[in-house]
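Side chains are part of it too, since the values below use all heavy atoms of this structure and drop only hydrogens, waters and symmetry mates. Each chain gets a letter, A, B and so on, in the order its sequence line appears, and its residues count up from 1.
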Amino acid sequence: MSRMTVEQALYRAIAEEMARDPRVLIMGEGVATKRRDLVDAFGAARVRNTPLAEAVIAGTAVGAAASGLRPIADLLFAPFLTYAMDALVNSAGKLRALSGGQFEFPLVTMALTGSGWCVGAQHNHNLEAMFVHAPGLKVVMPSTPADFHGLMKAAIRDPDPVLFFTDIGLLYQEGEVPDDETHVVPLGRAAVRRPGRDVTLVGYAKTVGVCLAAAEALAVQGIDAEVIDLRTLKPLDTATVLDSVEKTGRLVVVTEASGLCGVAAEIAAMAAEAAFGALRAPVLRLTGPDAPPPASWVLEQATVPQPDAVVAAVRGLFGTQAAEPAEAVALA
Amino acid sequence: MSRMTVEQALYRAIAEEMARDPRVLIMGEGVATKRRDLVDAFGAARVRNTPLAEAVIAGTAVGAAASGLRPIADLLFAPFLTYAMDALVNSAGKLRALSGGQFEFPLVTMALTGSGWCVGAQHNHNLEAMFVHAPGLKVVMPSTPADFHGLMKAAIRDPDPVLFFTDIGLLYQEGEVPDDETHVVPLGRAAVRRPGRDVTLVGYAKTVGVCLAAAEALAVQGIDAEVIDLRTLKPLDTATVLDSVEKTGRLVVVTEASGLCGVAAEIAAMAAEAAFGALRAPVLRLTGPDAPPPASWVLEQATVPQPDAVVAAVRGLFGTQAAEPAEAVALA
Amino acid sequence: MSVRPAPSDWIETMLLIRAYEARMVAFQQSGGPGTCTSVGQEACAVGVVSALEARDRILSNHRSAGHLIARGADPGRMMAEVLGRADGYCGGLSGSLHIAAKDLGVVLTSTIVGGELSLAPGVALAQKMGQGEPGAITAVFFGDGAACEGIFHEALNLAVQWRLPILFVCENNQWQAFVHRLETMPERAIANWATGHGLPVETIDGNDVAAVHAAARAAVAAIRADGGPRFLELSTYRLRGHNEPDDQAYVEADELARWRLHDPIDVEARRLVEAGLVDDAELARLRARVAARIEAAAAFAEASAWPDTSMITAHVFAGKGGQP
Amino acid sequence: MSVRPAPSDWIETMLLIRAYEARMVAFQQSGGPGTCTSVGQEACAVGVVSALEARDRILSNHRSAGHLIARGADPGRMMAEVLGRADGYCGGLSGSLHIAAKDLGVVLTSTIVGGELSLAPGVALAQKMGQGEPGAITAVFFGDGAACEGIFHEALNLAVQWRLPILFVCENNQWQAFVHRLETMPERAIANWATGHGLPVETIDGNDVAAVHAAARAAVAAIRADGGPRFLELSTYRLRGHNEPDDQAYVEADELARWRLHDPIDVEARRLVEAGLVDDAELARLRARVAARIEAAAAFAEASAWPDTSMITAHVFAGKGGQP
Ligand SMILES: Cc1ncc(C[n+]2csc(CCOP(=O)(O)OP(=O)(O)O)c2C)c(N)n1
Ligand SMILES: Cc1ncc(C[n+]2csc(CCOP(=O)(O)OP(=O)(O)O)c2C)c(N)n1
Ligand SMILES: [Mg+2]
Ligand SMILES: [Mg+2]
C-alpha cells in the first residue's frame, strides 16, 4: 500500500496501462504540458496536446478506438462534454449496434465535475446521468484513491466506451492504494463501505463520505446504516443495492447531481420495482438542487447534501414525520 | 373544432403566434423551403433557412431570446441536438441563474424523435430525459393534435427555454383541435385521459395510446385503469400522478424512451417517495430497451412497449407473479 | 468484384450505382423505405474509390450507395440492409442511413452530418500510429452542407496540425437537403475554407470520372508520400430529391436541366464512344448486365429474413449478448 | 465612469485594469479564488470598447476584467462577484468566470470557450430586427483558442450570410491555457480562417491602444454603414499564467521577455510622454489614483455580505422564486 491523492492514483493507473499496452494514448488540451512525466516515459506521439476543439478530440478518440488504438481523451470539465456529445452519444454509443456489431470502441473520456473549486455551473455540472441514460456507454465515478486507480485501469482495458468522471472535491484527497500493478477494480461492482442492518444509504463520489459521516452520527442514535458506494453508474450493480434493501427495508439515495431523471431516481425506481416487498418506508432522495451550481462558496457548499440532512431524513423514516422534499433537505 | 393532423396543429399554432407577436420568428435547415405559407404570411426575415450548423442555430436562438426576440429553432431530429447542447444546456439553461437573473430566454426548439419511420438511432433517439435532468429548461412532449396546438402556443409564450419534442409516430395522426385562437394548454399540467380506480398507467407521446389500448383490454378483464398523459415532462405535474396513485395504489409507467435515468425512473421514484403509503404493489416501468433504436421495421416496432405487455404487467400486479424486467416486457 | 474498379470498369460501375438507386426508388414507390440517392454523383464515388487500395479506409454518410458499390459492395446485401433484413451489411439495424462494411474498409458510416468528419482523424491517426497496413490512408466523403458544420473545420485543422493521412472529398452537389448551398455559404466557400487551413486543395468537375480519378490518384500519392492531408472539392449536382419521395418543387428548373445535360454517365459514355473504346451496342450490353444484377439483388433482398428481435440488444456492448 | 473612455482616459483605464488584476492576484495569494487575468492585453479592451457606444452590446468570456472595466464597470462590484458576494454583478452566482453586466451592455458572458461566439449572432440578429436602439452593433471578444472551436466558423459564416452587425474581436494572446497556439494552428491561421469566410479582416498590434482604437472605430463605422460583420485580430500576449496561480514554467522565457518589453501600458505611456501630453509626475498621480480606487473596491468587496442560499434557485426559471 502507498498513500497518494486521487489525482496521483489516476495518473499512476494511466502510466501503468500505457506501459502495459502500446495501443493506449492520451490526448487533451494541455495534457502534454501538464504531464511531462508521461511524455518523457511514452513519447509525444502517445501523449498529445490538442487544439481547443472538444468535438474533434472526442470524435478522434472514437475513430481511433474503432481502428485499433485505446485512446484516453481528457476533456477537462464535464460541461465541455456538451461539445463532444455527437461523437460520444451518436457514434461511440450507437455505431456498434447500428453496424450489427462491426465496430468496437475501447476508449475512455475523463472529465472533472462537482463542487469544491467555486468555478460555477459551466465547469461544475454533474451531468453523468445523461450518459447513463444514453445507450452503449459505461459511466464510472469513484470515491477513493484505490478505486480511481483500479477503475481507471479497468476502464482503459474495457472494450466499451467509458466516461470517467472525477469529483473535483476528491481530487486531492489522500488514501491507500495497493502497490500491486495488477490491482484492477472491475466495472459494475458497487462496494459496501459500511455494513448495517437498519437503513441503506447509497451514494457515489463525494456523497459516499457524506453517507459515512451520517452513518456514524446515526450509529450514536442507535440506527445502524449500511453505506453503498456505487462506484460504477453504468453498468449499475443493482444486486448489491437490492440485497441491502431486502435486508434493511429502508433506502436513502444521496447524490450531488440533481434529482430529476438522475442516478438517484434510477436507484429509487429500481428499488420500488424489484425490492418493493422489502420496503418499510418511502424511498428518499437527497440530491443537489435542480439549479446550475453557483460559484459563491457558501452557495456551492449548500448544493451538496450534508450529513446532518441525511441524518434528519433517515430519522424521518423511523419516526412518523413525512419525508421532506429532497431539495429542501439539500439546501437545509 | 376542426379535424387536423399533429403536424397541421403544430404549424397552425406557430402561425397564430407569429401573427399575434411580431417578435416570434422561426429558423431551421429548410423551414423557409418547406413552409412557404409562413414565408408568405410573415416574410423572409421571420422565417429563415439556416446553414447546416445546429450549434450556431441554437446559440443564435438563445442570444436572440435574451435580446428581445422569441425564436423557434427547428432542429429537425432529436439526435441532432447533440450539436446544440452547449447553447441549450450551458447557455439557455444556466445563464439566467449564473447572471443573478439578468437574462431571460423565451425560446422554443423543435425536434422529431421516436419510432415510426425506420430511420435508426441517429434520427430516432428519445433523449428528452437529458433535458429534464439539466437545469433551467422546460420539456414538452404531447400526444394529441389539440395538445400539440395548445402546448406549442404556451411554449412560444413562455418566458423560459422550452424543448418541444414531436413523436414521429404521431405526426400524421388526426384529431379535433379547437378553432378558438385563444386555445392554449398551460405547461406543467398532465391530463387524465381515462379515469380509473384500480391502477395508474402513466405515459406520454405515443405510449399514451398504448396505455389507453391496454386500459380497454384490462376493463374487459375487470381491471379499471386510470391513464395519465404527462404532456409536459418539465415542469412535471407530480400532483396529478400522486393523486391518482393515492387512489389506485398501483403504478405502471410506460415510455418509449429507455428506462435508466429516464422519465419513467423519475415518475417511479417520485411515487416511491411521496405516495409510498398508498402503494399496494411494485412500481413497474415498461420502457424502450437500453439500446440504440434499430432501423428494421420489425425491430423498431419491438422497441415500443405494446398494449399486451402493459396488460401482462398490470395483471402481474394483481396476481402473485413477480414483475418482469421492463425490457423483457418491452421486447416481448 | 474488386475494391478498385479499373478504368474499363468505371462506366459499368456507374451504371450499376444508377441501376441500384433506380431500384431503390421503385422500392420506395411500392411502399418501401425512402433512401437518399446519389443520382448524378456516380463519377465522384467511382473516380475516388478507384484511386484507393484495399488497405485504405473509407468513411461515408447518408448518401453512401455509390461509395459502397464502387468499393465492391454486394447490391443484394445493401438492399437487404435498406429493407431491414438479416442479410444486410448491418443485419438490418442500420437501414439505409449508416451502412458500413468493415470487410470492405468502409467504416463508421454516420448519418449525422459531419459525423464522418469527426471520426476520420481518429481512423487516420490509427493508421499513422501503426494500426492496419503500412502506408494506408483514410478517404472521407461528405457534402457541401457538412462543410457548414463546425466539425468540418475542427477536423481539417487537426489533420493539418497532426499531419494525418486523410483525403477529404467534398461532394459539392449544390444542395443541403431542401436548401440550396448558395443560401448557406458564399459561392467559392468550400475551397476557400479548406485553403484557409493550409492544406492542398483542388476543385474538380465531379461529373467527369476520369478527371476525378486523376485528381484523386495524384492526391493519394501525395498523401502516401508526405503523410499529410489533401482536399478535393468535386463540383456535382444532386439530380434527384434529397430523399425519396421528393418532388423537387423547390429546385430551379433551369439549373436542374443544365446539370442533366452534364450527367456523369453520359459524359463518360461519350468519352468512351469518341475514343472508340465502346459502341452503343456494348453500352446496351452493360446496361442489360447491371439490370440483371440488380434484379437478382432485389430478389435476394426481398427473400431475406427479418432479423430476430434479440438483435436489438445483441451488439450494444461487447459483452455476451450485447450486455455490458 | 463613462461606457466609452476618451483618448485622454485610455492610460488611466489601462492602469485601472492592471491594478484591478494585480489586486485579484493578491486576493488569490491570500487564499481567495483564482482568476484568469488579462495582464498584457489591456490595450485590446480599452482600444475596442472606447470605439463602441452605449447602445452597442458586448460579449465576453472567462478573461473579462478588461472589457468590463473599459466599459465602466465598478471594480468593487466586480471584486464582490469574484469573491462570491451578494453585491457582485451576478449576486455571487457567477464568480469570476461569467460576469455579465446587462446595464452596461455586457451580456451573456460565457466561460465555455466559443460560447460567446455561439450567442453573438443572436444578439446581433435582434439588433438587426429592431430590438434595442437603431444602428446598434454587437462586439464579441474571444481568444485564439476559441478560433479552434467549430463554433467560430459557424458564427462567422452565419454573420456573413445573414449580414449581421458583429465586430469579431480575436485577442490572439498566443496561449490557449497551457498550450501555445502554434501547437494548435498554423502561424497565420486566424486571419486566414476569417478571410476564408469572406468578411473584411485586419490584424493589428494589440498592444498599441491607439492602433486598436483606430481599427475598431473604422470597423464599427463600416458595420453601421452596411450592416455586415467585420473581424479584428489583435496580436497580443498573455503576460501572466492562464489562471492564478500559474508559475508559467511551460512558457519560453525569451518569448515572454520580448513581449514584456512591448507592454501595452508602457507603449501608451511612452507615446503620451513623447507627445508631451503627460509627464512622469502625472503618470505617478494616475497610478496613485487607480491604486486608491482599487483599495476602496477591495474594501467594498470584502465587506459585502454572502448571498442567501435561497439565491441558488431564485433565478433558475422566470416564475416566482425561480420556479418554473
Ligand atoms: C447534424 C445533422 N443535421 C441535419 C441532418 C438532416 N440532413 C440529412 S442530410 C442533410 C443535407 C446534407 O447536405 P450535404 O452535407 O451537402 O450532403 P448531401 O445530402 O447533399 O449529400 C440534412 C440537413 C442530419 N442528418 N444531421
Ligand atoms: C469548451 C471549453 N474547453 C476548454 C475550456 C478550458 N479553458 C478555459 S480558457 C481556455 C483557453 C482559451 O484560450 P483562448 O480562447 O485563446 O482564450 P485565452 O484564455 O487565451 O484568453 C481553456 C482551454 C473551456 N472553458 N471551455
Ligand atoms: Mg450537398
Ligand atoms: Mg489565447
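The most heavy-atom pairs under 4.5 Å with chain C, out of A/Ala87, A/Pro161, A/Ser67, come from A/Ser67. Per-residue heavy-atom pair counts under 4.5 Å with chain C were compared for A/Leu25, A/Asp86, A/Thr50, A/Val62, and the maximum is reached by A/Asp86. Note on C/Ser110, C/Pro121, C/Gly88: by heavy-atom pairs under 4.5 Å with chain A, the leading option is C/Pro121. Contacts with chain C were tallied for A/Pro159, A/Gly188, A/Pro135, A/Gly136; A/Gly136 has the most, counting heavy-atom pairs under 4.5 Å. Of all the listed residues (C/Gly95, C/Ala101, C/Ala120), the one sharing the greatest number of non-hydrogen pairs under 4.5 Å with chain A is C/Ala101. In terms of non-hydrogen atom pairs under 4.5 Å with chain A, the most contact-rich of C/Ala318, C/Gly132, C/Gly91, C/Gly115 is C/Ala318. With respect to chain A, the highest number of heavy-atom pairs below 4.5 Å among C/Arg57, C/His315, C/Glu81 belongs to C/His315. For chain C, the option among A/Ile57, A/Asp158, A/Asn90 with the highest count of heavy-atom pairs below 4.5 Å is A/Asn90. Here C/Val123 is the residue among C/Val123, C/Thr109, C/Ile99 with the most heavy-atom pairs under 4.5 Å with chain A.
The structure places NE2 of C/His98 at 10.5 Å from OG of A/Ser99, a figure rounded to the nearest 0.5 Å. Summarising the geometry, atom CG belonging to C/Leu108 is positioned 12.0 Å from atom CZ belonging to A/Arg96; distances are rounded to the nearest 0.5 Å. Distance check, rounded to the nearest 0.5 Å: CD of C/Gln161 to CG of A/Asn49 gives 11.5 Å. Separating the OG1 atom in C/Thr111 from the CG atom in A/Leu98 is a distance of 10.0 Å, to the nearest 0.5 Å.
Neither the backbone nor the side chain of C/Thr138 comes within contact range of chain A; no heavy atom of the residue lies under 4.5 Å from a heavy atom of that chain. Neither the backbone nor the side chain of A/Ala61 comes within less than 4.5 Å of any heavy atom of chain C. In this structure, chain A has heavy atoms under 4.5 Å from both the backbone and the side chain of C/Leu125. For A/Leu52, no part lies near chain C; criterion is any non-hydrogen pair under 4.5 Å. Looking at A/Tyr83, there are no atoms closer than 4.5 Å to chain C (heavy atoms on both sides), in backbone or side chain. In this structure, no portion of A/Lys94 lies under 4.5 Å from any heavy atom of chain C. Within the 4.5 angstrom heavy-atom criterion, atoms from both the backbone and the side chain of A/Leu69 approach chain C. Only the side chain of A/Glu104 comes within less than 4.5 Å of a heavy atom in chain C; its backbone stays farther off. With a threshold of 4.5 angstrom between heavy atoms, C/Ile112 approaches chain A through side-chain atoms but not through N, CA, C or O.
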- request: Carefully, step by step, assess C/Leu119 and A/Leu95 under the rule side-chain contact (heavy atoms from CB on, under 4.5 Å).
  value: CA-CA 11 Å; C/Leu119 300 166; A/Leu95 288 182; 4.0 Å; yes

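When all heavy atoms are compared, the tightest approach of C/Trp162 to A/Thr60 is CZ3-CG2, 4.3 Å. The two atoms that bring A/Ala45 and C/Met129 nearest to each other are O-CE, 3.6 Å, heavy atoms only.
Side-chain atoms of A/Gln102 come within 3.5 Å of backbone N or O of C/Ala100 as a donor-acceptor pair.
Between A/Pro51 and C/Glu154, every side-chain heavy-atom pair lies at or beyond the 4.5 Å cut-off.
Heavy-atom contacts from other residues, nucleotides or ligands closer than 6.0 Å to CZ of A/Arg157 number more than 12.
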